[in-house]
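Only one structure is covered here, and it is reproduced in the block below.
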Number of protein chains: 2
Amino acid sequence: MLAAARAAFAERGFDGASIRAIAATADVDPALVHHYFGTKDKLFLAAVAAPADPDELLPEVLATPADARGAAVVRMVLRVWDGPARPAILALVRSAVNHEWSAKLLREFLLAKIIRRVVGSIDMPVEERDVRGALVASQLIGMVMTRYVLQLEPLASASPDELVAAVGPTVQRYLTGDVDLPG
Amino acid sequence: MLAAARAAFAERGFDGASIRAIAATADVDPALVHHYFGTKDKLFLAAVAAPADPDELLPEVLATPADARGAAVVRMVLRVWDGPARPAILALVRSAVNHEWSAKLLREFLLAKIIRRVVGSIDMPVEERDVRGALVASQLIGMVMTRYVLQLEPLASASPDELVAAVGPTVQRYLTGDVDLPG
DNA sequence: GTCTATACGTGGATAGAC
DNA sequence: GTCTATCCACGTATAGAC
């Protein structure tokens with residue numbers, strides 16, 4: 001049932017997905033959804049919050065040498081997106097674009113769970129952490145949007161290895177390279 | 001009146017923006033909107049299609065030397081987004097995330113009007129054009145999403161010059177640099 | 001041309017029977 | 001716990017008076 005919700009939110013966005021349709025795909029009564037989750041917001045949160053924990057993949061990334069961290073991060077992102085968690089994250093991204101509260105959710109998730117920990121694992125001046133982290137995020141978000149949301153070819157059909165080879169160096173530069181930093 | 005529509009679409013997305021609200025902000029009758037534009041889709045197209053012509057800024061970019069093209073592209077993008085066209089593009093982006101037909105619109109706009117012409121102005125093997133173009137798009141889209149949609153700090157508050165300095169080199173590498181290319 | 005009134009559908013949410 | 005029935009708000013779109 002959460003699976004149906006995730007799929008619907010991922011496919012049609014928060015507004016487009018109706019509780020009725022979700023209930024129909026899950027072969028249950030619409031009233032049941034309310035009974036279990038209360039409001040639509042809560043259902044959404046339950047649907048996206050579950051698989052949003054990257055704690056299993058991050059250690060692997062942090063175990064790579066610092067000068068290969070860029071490629072490792074890109075590979076992790078692709079692995080998550082090409083795995084079973086895609087509907088949940090896609091749903092989160094889709095609604096983050098149209099709802100501020102959801103954008104805040106994604107923002108803080110990115111910051112606390114990903115960016116801080118990736119850049120935090122690398123030795124650099126404190127004042128550079130946030131900027132480098134945001135730059136990394138910009139390239140990763142762009143890659144994800146282009147490949148999975150906008151589906152712009154040939155990026156959409158490229159293999160993970162090819163993508164890692166192409167955008168890994170960019171992330172690496174943002175992490176440890178020579179960057180003209182704001183501020 | 002188109003201005004009100006643009007603002008509403010940009011702020012609340014295609015679904016969230018109601019013709020009633022648009023008409024209210026524009027101080028006209030909702031029925032008038034239908035009378036002029038017919039359906040909501042047509043109104044949307046009219047609102048976003050107008051300022052979507054970058055023909056004025058592109059020549060300036062193409063006039064820069066090839067090894068400074070990356071920075072020039074980034075600067076152009078920022079200039080457009082920080083200018084009066086922002087609501088229109090923001091509206092297009094917002095709805096492109098949730099509606100396939102709108103995504104297609106944005107995709108083809110990017111391809112035909114921007115990417116093809118920027119990479120087309122640089123001497124490179126034909127089979128590299130699409131890939132390099134898509135990579136450029138991925139970084140630009142990411143920058144825009146991070147800064148204007150997600151509003152992740154400190155990128156959201158950085159000055160254009162700072163951004164050009166930081167992400168310009170990335171775009172430059174995608175355009176003319178040494179990249180491990182898919183395919 | 002401009003506005004009033006309204007049809008028509010949809011979707012979230014609730015009450016209450018079983 | 002599960003489902004039927006229904007309420008209510010909102011949004012698109014149209015018909016028709018002025």
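All figures in this text were calculated on a predicted structure; none of them were measured in a lab.
- For the side-chain hydrogen bond (donor to acceptor under 3.5 Å, both in side chains) test, residues two or more places apart in sequence or in another chain that qualify with B:R75 are B:D161.
- Whole-Å rounding puts the B:I22 CD1 to D:dC10 P distance at 17 Å.
- Distance NE2 (B:H34) to C1' (C:dT4): 15 Å, rounded to an integer number of Å.
- Backbone-only contact: A:A17 has heavy atoms under 4.0 Å from sugar-phosphate atoms and none from a base.
- For the residue pair A:T170 and B:Q139, no side-chain donor N or O sits within less than 3.5 Å of a side-chain acceptor on the partner.
- Comparing D:dA13, D:dT14, C:dA15 against the side chain of B:A31 picks out D:dT14 as the nearest.
- Following rounding to the nearest Å, A:R12 (CZ) and C:dG11 (C1') show an atom-to-atom distance of 13 Å.
- Rounded to an integer number of Å, the gap from A:K40 NZ to C:dG11 P is 9 Å.
- For the pair B:K40 and B:F14, the cation sits on the ring face: its NZ or CZ lies under 6.0 Å from the ring centre, inside 45° of the axis.
- We find that CZ of A:F44 is positioned 17 Å from C1' of C:dG12, with the value rounded to whole Å.
- Residues A:T146 and B:S138 have side chains that never bring a donor and an acceptor to within less than 3.5 angstrom of each other.
- Rounded to whole Å, atom P of C:dT14 lies 16 Å from atom CZ of A:F37.
- Listed pair A:Y36 / D:dG1 fails the phosphate criterion, with no side-chain N or O lying under 4.0 Å from OP1 or OP2.
- The separation between A:I19 atom CD1 and D:dT6 atom P is 21 Å, rounded to whole Å.
- Here the nucleotide nearest the side chain of B:D29, chosen from C:dG12, C:dT4, D:dT4, is C:dT4.
- Mapping A:R20 and A:L32 onto DNA chain D by nearest heavy atom places A:L32 closer to the 5' end of the strand.
- Atom NE2 in B:H35 sits about 17 Å away from atom C1' in C:dA5, given to the nearest Å.
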